[in-house]
Engineer: 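If you scroll down you'll find the structure; I have some questions about it.
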Amino acid sequence: MNARIVLLPGDGIGPEVVAEAVRVLERIGARFGHHWTLSSHDIGGAALRRHLPPLPDDTLAAAKSADAILLGAVGDPSFDALPPSRRPESALLAIRRELGVFANLRPARAWPGLEEAGPLKPSVLAGTDLVVVRELTGGLYYGEPRGYDSAAGTAVNTLRYTRPEVERVARVAFELARKRRKRLASVDKVNVLEVSRLWRDIVTEIGRSYPDVTLTHELVDSCAMRLAFAPASFDVVLTENMFGDILSDEAGAVCGSLGLLPSASLGNGPGLFEPVHGSAPDIAGQSKANPIGAIASVGMLLSDGLGLHEEGASVTAAIERTLASGVRTADIAGAGRPAASTTQFTDAVIAAI
Ligand code: IPM
Ligand code: MN
(Lines give C-alpha, C1' and ligand atoms only; values in the text may rest on other atoms or scores of the structure.)
(Ligands and ions follow the chains in the order given, each with its own letter.)
Protein backbone atom coordinates (compact mmCIF):
# COMPACT_ATOMS: atom_id res chain seq x y z
CA MET A 1 0.00 0.00 0.00
CA ASN A 2 1.04 3.58 -0.64
CA ALA A 3 -0.57 5.84 1.97
CA ARG A 4 -0.32 9.57 2.61
CA ILE A 5 0.04 10.17 6.31
CA VAL A 6 -0.04 13.66 7.77
CA LEU A 7 1.93 14.21 10.98
CA LEU A 8 0.86 16.90 13.42
CA PRO A 9 3.48 16.72 16.23
CA GLY A 10 2.14 19.80 18.07
CA ASP A 11 3.34 20.80 21.52
CA GLY A 12 5.23 19.56 24.58
CA ILE A 13 6.03 15.86 24.33
CA GLY A 14 4.01 15.63 21.09
CA PRO A 15 7.04 15.94 18.75
CA GLU A 16 9.06 13.36 20.75
CA VAL A 17 6.39 10.70 20.77
CA VAL A 18 5.43 11.31 17.13
CA ALA A 19 9.07 10.94 16.06
CA GLU A 20 9.20 7.55 17.82
CA ALA A 21 5.83 6.47 16.45
CA VAL A 22 7.09 7.31 12.94
CA ARG A 23 10.09 5.03 13.43
CA VAL A 24 7.65 2.23 14.24
CA LEU A 25 5.59 3.10 11.16
CA GLU A 26 8.71 2.93 8.99
CA ARG A 27 9.62 -0.45 10.46
CA ILE A 28 6.13 -1.77 9.64
CA GLY A 29 6.45 -0.34 6.11
CA ALA A 30 9.76 -2.15 5.59
CA ARG A 31 8.53 -5.40 7.11
CA PHE A 32 5.20 -5.58 5.22
CA GLY A 33 6.19 -3.78 2.02
CA HIS A 34 4.20 -0.56 2.36
CA HIS A 35 5.26 2.91 1.39
CA TRP A 36 4.27 5.95 3.44
CA THR A 37 4.33 9.49 2.12
CA LEU A 38 4.77 11.55 5.28
CA SER A 39 4.36 15.29 5.67
CA SER A 40 4.56 17.24 8.90
CA HIS A 41 2.52 20.37 9.69
CA ASP A 42 2.14 22.87 12.50
CA ILE A 43 -0.77 22.84 14.92
CA GLY A 44 -1.56 24.44 18.29
CA GLY A 45 1.20 26.26 20.16
CA ALA A 46 3.72 25.17 17.52
CA ALA A 47 1.73 27.19 14.97
CA LEU A 48 1.19 30.16 17.31
CA ARG A 49 4.93 30.38 17.88
CA ARG A 50 5.37 30.85 14.15
CA HIS A 51 2.73 33.62 14.22
CA LEU A 52 0.19 31.41 12.49
CA PRO A 53 -3.35 30.70 13.72
CA PRO A 54 -3.68 27.59 15.96
CA LEU A 55 -4.99 25.61 12.98
CA PRO A 56 -3.32 27.05 9.84
CA ASP A 57 -5.22 26.65 6.55
CA ASP A 58 -2.54 24.52 4.93
CA THR A 59 -2.46 22.18 7.94
CA LEU A 60 -6.20 21.65 7.63
CA ALA A 61 -6.01 21.22 3.86
CA ALA A 62 -3.22 18.63 4.19
CA ALA A 63 -5.17 16.75 6.88
CA LYS A 64 -8.32 16.67 4.75
CA SER A 65 -6.49 15.19 1.78
CA ALA A 66 -4.53 12.58 3.80
CA ASP A 67 -5.30 8.89 4.16
CA ALA A 68 -4.73 9.16 7.91
CA ILE A 69 -3.46 11.71 10.41
CA LEU A 70 -1.14 11.12 13.38
CA LEU A 71 -1.24 13.83 16.03
CA GLY A 72 1.06 14.23 19.04
CA ALA A 73 -0.39 16.67 21.55
CA VAL A 74 -1.74 20.19 21.64
CA GLY A 75 -1.44 22.56 24.59
CA ASP A 76 1.15 25.06 25.76
CA PRO A 77 0.88 26.92 29.08
CA SER A 78 2.60 30.00 27.67
CA PHE A 79 -0.61 30.71 25.73
CA ASP A 80 -2.92 30.15 28.71
CA ALA A 81 -3.92 33.80 28.92
CA LEU A 82 -5.39 33.88 25.42
CA PRO A 83 -9.18 33.67 24.98
CA PRO A 84 -10.48 30.11 24.31
CA SER A 85 -10.85 30.67 20.56
CA ARG A 86 -7.13 31.51 20.19
CA ARG A 87 -5.62 28.98 22.57
CA PRO A 88 -3.67 26.02 21.13
CA GLU A 89 -6.50 23.66 22.17
CA SER A 90 -8.92 25.45 19.83
CA ALA A 91 -7.02 23.82 16.96
CA LEU A 92 -7.88 20.38 18.25
CA LEU A 93 -11.55 21.21 18.51
CA ALA A 94 -11.52 22.79 15.05
CA ILE A 95 -9.73 19.94 13.31
CA ARG A 96 -12.05 17.34 14.88
CA ARG A 97 -15.06 19.31 13.69
CA GLU A 98 -13.63 20.01 10.22
CA LEU A 99 -12.73 16.36 9.69
CA GLY A 100 -16.11 15.27 11.06
CA VAL A 101 -14.48 12.64 13.28
CA PHE A 102 -17.49 12.17 15.53
CA ALA A 103 -16.52 8.83 17.11
CA ASN A 104 -13.49 8.77 19.39
CA LEU A 105 -12.35 5.28 20.37
CA ARG A 106 -10.16 5.12 23.46
CA PRO A 107 -9.18 1.56 24.38
CA ALA A 108 -7.84 1.00 27.89
CA ARG A 109 -6.47 -2.34 29.01
CA ALA A 110 -4.40 -3.97 31.68
CA TRP A 111 -1.22 -4.61 29.70
CA PRO A 112 0.32 -7.94 30.71
CA GLY A 113 3.19 -7.21 33.09
CA LEU A 114 1.81 -3.82 34.14
CA GLU A 115 -0.72 -5.12 36.65
CA GLU A 116 1.28 -3.48 39.44
CA ALA A 117 1.83 -0.14 37.71
CA GLY A 118 -1.54 1.41 38.55
CA PRO A 119 -3.19 2.41 41.81
CA LEU A 120 -5.46 -0.66 41.96
CA LYS A 121 -4.84 -4.08 43.42
CA PRO A 122 -3.62 -6.34 40.59
CA SER A 123 -6.56 -8.67 41.28
CA VAL A 124 -9.00 -5.79 40.63
CA LEU A 125 -7.27 -4.62 37.45
CA ALA A 126 -6.78 -8.15 36.03
CA GLY A 127 -8.71 -8.74 32.84
CA THR A 128 -9.51 -5.05 32.22
CA ASP A 129 -10.05 -4.50 28.51
CA LEU A 130 -12.50 -1.77 27.64
CA VAL A 131 -13.07 0.88 24.97
CA VAL A 132 -14.55 4.28 25.68
CA VAL A 133 -16.49 5.49 22.64
CA ARG A 134 -16.62 9.23 23.13
CA GLU A 135 -18.84 11.48 20.98
CA LEU A 136 -16.29 14.01 19.74
CA THR A 137 -17.87 16.76 17.66
CA GLY A 138 -20.88 17.88 19.68
CA GLY A 139 -22.07 18.67 23.19
CA LEU A 140 -20.66 21.26 25.57
CA TYR A 141 -17.42 21.66 23.61
CA TYR A 142 -19.25 23.16 20.64
CA GLY A 143 -22.70 24.29 21.82
CA GLU A 144 -23.80 27.88 21.19
CA PRO A 145 -24.36 30.27 22.83
CA ARG A 146 -21.11 30.31 24.73
CA GLY A 147 -19.23 33.15 26.32
CA TYR A 148 -17.70 34.79 29.34
CA ASP A 149 -18.92 38.20 30.43
CA SER A 150 -16.45 39.23 33.11
CA ALA A 151 -18.13 42.59 33.74
CA ALA A 152 -21.46 40.90 34.45
CA GLY A 153 -19.80 38.03 36.29
CA THR A 154 -21.57 35.43 34.17
CA ALA A 155 -20.48 32.76 31.73
CA VAL A 156 -22.41 30.30 29.60
CA ASN A 157 -21.82 27.07 27.70
CA THR A 158 -24.51 25.09 25.97
CA LEU A 159 -25.07 21.34 26.07
CA ARG A 160 -27.03 20.41 22.95
CA TYR A 161 -27.31 17.14 21.03
CA THR A 162 -29.42 16.26 18.03
CA ARG A 163 -30.87 12.87 17.08
CA PRO A 164 -28.49 12.25 14.15
CA GLU A 165 -25.45 13.05 16.30
CA VAL A 166 -26.47 10.48 18.91
CA GLU A 167 -27.56 7.86 16.36
CA ARG A 168 -24.33 7.78 14.40
CA VAL A 169 -22.02 7.45 17.39
CA ALA A 170 -24.34 4.88 18.98
CA ARG A 171 -24.08 2.75 15.82
CA VAL A 172 -20.28 2.87 15.94
CA ALA A 173 -20.39 1.70 19.57
CA PHE A 174 -22.86 -1.13 18.89
CA GLU A 175 -20.84 -2.34 15.88
CA LEU A 176 -17.70 -2.33 18.02
CA ALA A 177 -19.42 -4.20 20.87
CA ARG A 178 -20.60 -6.78 18.35
CA LYS A 179 -16.96 -7.50 17.43
CA ARG A 180 -15.92 -7.70 21.08
CA ARG A 181 -17.65 -9.16 24.17
CA LYS A 182 -21.08 -7.81 23.13
CA ARG A 183 -21.69 -5.58 26.13
CA LEU A 184 -22.40 -1.88 25.85
CA ALA A 185 -22.75 0.52 28.78
CA SER A 186 -24.24 3.86 27.75
CA VAL A 187 -23.34 6.61 30.19
CA ASP A 188 -25.46 9.70 30.89
CA LYS A 189 -26.89 11.89 33.66
CA VAL A 190 -30.56 11.22 33.02
CA ASN A 191 -31.55 12.09 36.59
CA VAL A 192 -30.69 15.75 35.89
CA LEU A 193 -30.22 16.50 32.18
CA GLU A 194 -32.78 16.60 29.36
CA VAL A 195 -29.97 15.94 26.89
CA SER A 196 -29.40 12.64 28.69
CA ARG A 197 -33.09 11.73 28.24
CA LEU A 198 -32.66 12.20 24.49
CA TRP A 199 -29.37 10.27 24.58
CA ARG A 200 -30.87 7.34 26.51
CA ASP A 201 -34.02 7.16 24.35
CA ILE A 202 -32.04 7.10 21.10
CA VAL A 203 -29.42 4.61 22.30
CA THR A 204 -32.24 2.31 23.49
CA GLU A 205 -33.92 2.61 20.07
CA ILE A 206 -30.71 1.86 18.13
CA GLY A 207 -30.10 -1.04 20.50
CA ARG A 208 -33.21 -2.82 19.14
CA SER A 209 -31.25 -3.43 15.91
CA TYR A 210 -28.50 -5.10 17.95
CA PRO A 211 -30.32 -7.80 19.95
CA ASP A 212 -27.03 -9.70 20.31
CA VAL A 213 -25.48 -6.81 22.28
CA THR A 214 -26.42 -6.44 25.96
CA LEU A 215 -27.14 -2.75 26.55
CA THR A 216 -27.09 -1.17 29.98
CA HIS A 217 -27.50 2.47 30.95
CA GLU A 218 -25.51 4.00 33.73
CA LEU A 219 -25.25 7.40 35.39
CA VAL A 220 -21.87 9.03 34.90
CA ASP A 221 -21.09 9.35 38.60
CA SER A 222 -21.83 5.70 39.21
CA CYS A 223 -19.81 4.76 36.12
CA ALA A 224 -16.79 6.70 37.44
CA MET A 225 -17.05 4.73 40.66
CA ARG A 226 -17.42 1.33 38.92
CA LEU A 227 -14.41 2.17 36.76
CA ALA A 228 -12.33 2.44 39.91
CA PHE A 229 -13.86 -0.54 41.73
CA ALA A 230 -14.42 -3.01 38.90
CA PRO A 231 -12.79 -1.87 35.64
CA ALA A 232 -12.82 -5.43 34.28
CA SER A 233 -16.63 -5.38 34.29
CA PHE A 234 -16.72 -3.02 31.25
CA ASP A 235 -16.54 -3.86 27.57
CA VAL A 236 -17.67 -0.88 25.44
CA VAL A 237 -18.58 2.39 27.17
CA LEU A 238 -20.57 4.87 25.05
CA THR A 239 -20.85 8.45 26.17
CA GLU A 240 -21.03 12.10 25.18
CA ASN A 241 -18.08 14.40 24.63
CA MET A 242 -17.40 15.83 28.10
CA PHE A 243 -18.16 12.66 30.09
CA GLY A 244 -15.95 10.73 27.67
CA ASP A 245 -13.07 13.16 28.19
CA ILE A 246 -13.22 12.64 31.94
CA LEU A 247 -13.87 8.88 31.98
CA SER A 248 -11.05 8.17 29.52
CA ASP A 249 -8.48 9.91 31.74
CA GLU A 250 -9.78 7.87 34.65
CA ALA A 251 -9.47 4.69 32.58
CA GLY A 252 -5.86 5.61 31.80
CA ALA A 253 -5.01 6.16 35.45
CA VAL A 254 -6.64 2.88 36.43
CA CYS A 255 -4.49 1.02 33.88
CA GLY A 256 -1.28 2.54 35.23
CA SER A 257 -0.56 5.66 33.21
CA LEU A 258 -2.33 8.02 30.85
CA GLY A 259 0.75 7.55 28.66
CA LEU A 260 -0.51 4.08 27.74
CA LEU A 261 -3.70 5.11 25.97
CA PRO A 262 -4.05 5.46 22.21
CA SER A 263 -7.08 6.84 20.39
CA ALA A 264 -8.74 6.81 17.02
CA SER A 265 -11.17 9.53 15.94
CA LEU A 266 -13.29 8.29 13.08
CA GLY A 267 -15.85 9.79 10.75
CA ASN A 268 -16.48 9.48 7.04
CA GLY A 269 -13.11 10.84 5.85
CA PRO A 270 -9.55 10.28 7.08
CA GLY A 271 -9.19 9.20 10.71
CA LEU A 272 -7.23 11.17 13.30
CA PHE A 273 -5.00 9.10 15.59
CA GLU A 274 -3.48 10.48 18.76
CA PRO A 275 -2.32 9.41 22.21
CA VAL A 276 -4.81 10.42 24.91
CA HIS A 277 -2.12 12.04 27.07
CA GLY A 278 -1.65 15.76 26.69
CA SER A 279 1.45 17.83 25.94
CA ALA A 280 2.94 17.24 29.45
CA PRO A 281 5.12 20.39 29.34
CA ASP A 282 6.78 19.42 32.65
CA ILE A 283 8.64 16.51 31.02
CA ALA A 284 8.91 17.80 27.44
CA GLY A 285 12.29 17.51 25.72
CA GLN A 286 13.76 15.07 28.26
CA SER A 287 13.03 11.75 26.49
CA LYS A 288 11.03 10.67 29.57
CA ALA A 289 7.62 10.40 27.90
CA ASN A 290 5.97 7.04 27.53
CA PRO A 291 5.64 6.43 23.77
CA ILE A 292 3.15 3.55 24.14
CA GLY A 293 0.11 5.82 23.62
CA ALA A 294 1.59 7.16 20.39
CA ILE A 295 2.89 3.78 19.17
CA ALA A 296 -0.43 2.09 19.93
CA SER A 297 -2.10 4.96 18.03
CA VAL A 298 0.00 3.91 15.03
CA GLY A 299 -1.45 0.44 15.58
CA MET A 300 -4.97 1.90 15.41
CA LEU A 301 -4.01 4.02 12.38
CA LEU A 302 -2.94 0.85 10.58
CA SER A 303 -5.97 -1.26 11.52
CA ASP A 304 -8.82 1.24 11.88
CA GLY A 305 -7.50 3.92 9.51
CA LEU A 306 -5.96 1.93 6.65
CA GLY A 307 -7.61 -1.47 7.17
CA LEU A 308 -4.18 -3.11 7.70
CA HIS A 309 -5.25 -5.41 10.52
CA GLU A 310 -2.27 -7.76 10.54
CA GLU A 311 0.12 -4.80 10.64
CA GLY A 312 -1.87 -3.16 13.46
CA ALA A 313 -1.86 -6.38 15.46
CA SER A 314 1.91 -6.73 15.04
CA VAL A 315 2.40 -3.28 16.63
CA THR A 316 0.33 -4.33 19.64
CA ALA A 317 2.20 -7.62 19.88
CA ALA A 318 5.54 -5.79 19.78
CA ILE A 319 4.48 -3.51 22.67
CA GLU A 320 3.44 -6.60 24.62
CA ARG A 321 6.76 -8.34 23.97
CA THR A 322 8.67 -5.22 25.01
CA LEU A 323 6.76 -4.98 28.30
CA ALA A 324 7.17 -8.71 28.87
CA SER A 325 10.95 -8.29 28.51
CA GLY A 326 10.85 -5.86 31.44
CA VAL A 327 11.61 -2.59 29.62
CA ARG A 328 9.74 0.31 31.29
CA THR A 329 9.58 4.07 30.89
CA ALA A 330 9.74 6.15 34.09
CA ASP A 331 5.96 6.53 34.52
CA ILE A 332 5.47 2.75 34.80
CA ALA A 333 8.86 1.59 36.13
CA GLY A 334 8.01 1.83 39.82
CA ALA A 335 10.03 3.81 42.38
CA GLY A 336 13.76 3.17 42.34
CA ARG A 337 13.59 0.88 39.29
CA PRO A 338 15.64 1.56 36.13
CA ALA A 339 13.74 3.44 33.45
CA ALA A 340 14.22 3.44 29.67
CA SER A 341 14.09 6.69 27.74
CA THR A 342 11.39 7.33 25.15
CA THR A 343 13.88 6.37 22.43
CA GLN A 344 15.21 3.27 24.19
CA PHE A 345 11.70 1.96 24.76
CA THR A 346 10.90 2.47 21.08
CA ASP A 347 14.14 0.75 20.04
CA ALA A 348 12.91 -2.31 21.95
CA VAL A 349 9.49 -2.16 20.25
CA ILE A 350 11.11 -1.88 16.81
CA ALA A 351 13.40 -4.82 17.54
CA ALA A 352 10.29 -6.84 18.47
CA ILE A 353 8.52 -6.22 15.13
C1 IPM B 1 -8.39 15.15 25.04
C2 IPM B 1 -7.93 16.48 25.53
C3 IPM B 1 -8.68 17.57 24.79
C4 IPM B 1 -10.16 17.37 25.04
C5 IPM B 1 -8.26 19.01 25.16
C6 IPM B 1 -6.75 19.21 25.02
C7 IPM B 1 -9.00 20.02 24.35
O8 IPM B 1 -8.11 16.58 26.91
O9 IPM B 1 -8.23 14.87 23.83
O10 IPM B 1 -8.92 14.36 25.84
O11 IPM B 1 -10.69 17.83 26.07
O12 IPM B 1 -10.81 16.76 24.21
MN1 MN C 1 -8.82 14.75 27.86
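Both ligands and their constituent atoms are indexed starting at 1 by order of listing. In what follows, residues are counted from 1 in the order of the sequence shown.
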Engineer: With a 4.0 Å cut-off, would you call Glu194 and Arg197 a salt bridge?
Structural biologist: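 Salt bridge absent between Glu194 and Arg197.
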Engineer: Any atoms of ligand 1 less than 4.0 Å from a non-hydrogen atom of Tyr141? List them with their elements.
Structural biologist: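 This gives 4 (C), 11 (O), 12 (O) as the contact atoms.
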Engineer: For atom 1 (C) of ligand 1, find the nearest protein heavy atom and state the residue, atom name and distance (0.1 Å precision).
Structural biologist: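 Of every protein heavy atom, Arg106 NH2, 3.4 Å lies nearest to atom 1 (C) of ligand 1.
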Engineer: Whether Arg86 engages the ring of Phe79 as a cation-pi pair (distance to the six-membered ring centre under 6.0 angstrom, angle to the ring normal within 45°) should be assessed.
Structural biologist: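 No, Arg86 and Phe79 do not form such a contact.
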Engineer: Between Glu20 and Thr342, which heavy-atom pair has the shortest distance, and what is it?
Structural biologist: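 Scanning both residues, the minimum pair turns out to be CG-CG2, 3.7 Å.
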Engineer: Which residue supplies the protein heavy atom nearest to atom 5 (C) of ligand 1, what is that atom called, and how far is it?
Structural biologist: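 Going by distance alone, atom 5 (C) of ligand 1 is nearest to Leu92 CD2, 4.3 Å.
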Engineer: Under 30°, 30 to 60°, or over 60°: which ring-plane class applies to Phe174 and Tyr210, parallel, tilted or perpendicular?
Structural biologist: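 Plane angle under 30°, so parallel.
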Engineer: Return the set of protein N, O or S atoms whose distance to the Mn ion (ligand 2) is under 2.8 Å, each given as residue and atom.
Structural biologist: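 Only Asp245 OD1 fall inside 2.8 Å of the Mn ion (ligand 2).
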Engineer: Mark yes or no: Arg168 above the aromatic ring of Phe102, with NZ or CZ under 6.0 Å from the six-membered ring centre and no more than 45 degrees from the axis.
Structural biologist: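 Here Arg168 passes the 6.0 Å and 45° test against Phe102.
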Engineer: Verify the neighbour count for atom CG of Asn2: are there more than 12 heavy atoms of other residues, nucleotides or ligands below 6.0 Å?
Structural biologist: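 Yes, enclosed.
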Engineer: Do Asp245 and ligand 1 have an N or O pair less than 3.5 Å apart?
Structural biologist: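 So ligand 1 has an N or O lying under 3.5 Å from an N or O of Asp245.
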Engineer: Is the side chain of Thr322 donor-acceptor paired with the backbone N or O of Ala318 at a distance under 3.5 Å, no angle test?
Structural biologist: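 Pair found, side chain donor or acceptor close to backbone of Ala318.
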Engineer: Write down the atom of Ala62, the atom of Val6, and the distance for their closest heavy-atom approach.
Structural biologist: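 Minimum heavy-atom contact is O-CG2, 3.5 Å.
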Engineer: Is the contact between Arg134 and ligand 1 made by the side chain, the backbone, both, or neither, using heavy atoms and a 4.0 Å cut-off?
Structural biologist: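 For Arg134, the contact with ligand 1 is made by the side chain alone.
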Engineer: Under 4.0 Å from any heavy atom of Arg96, which atoms of ligand 1 are there?
Structural biologist: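 Reading through ligand 1 atom by atom, the close ones are 1 (C), 4 (C), 9 (O), 12 (O).
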Engineer: For Phe243, is the NZ or CZ atom of Arg134 found under 6.0 angstrom from the centre of its six-membered ring and inside 45 degrees of the ring axis?
Structural biologist: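 Verdict for Phe243: no cation-pi partner in Arg134.
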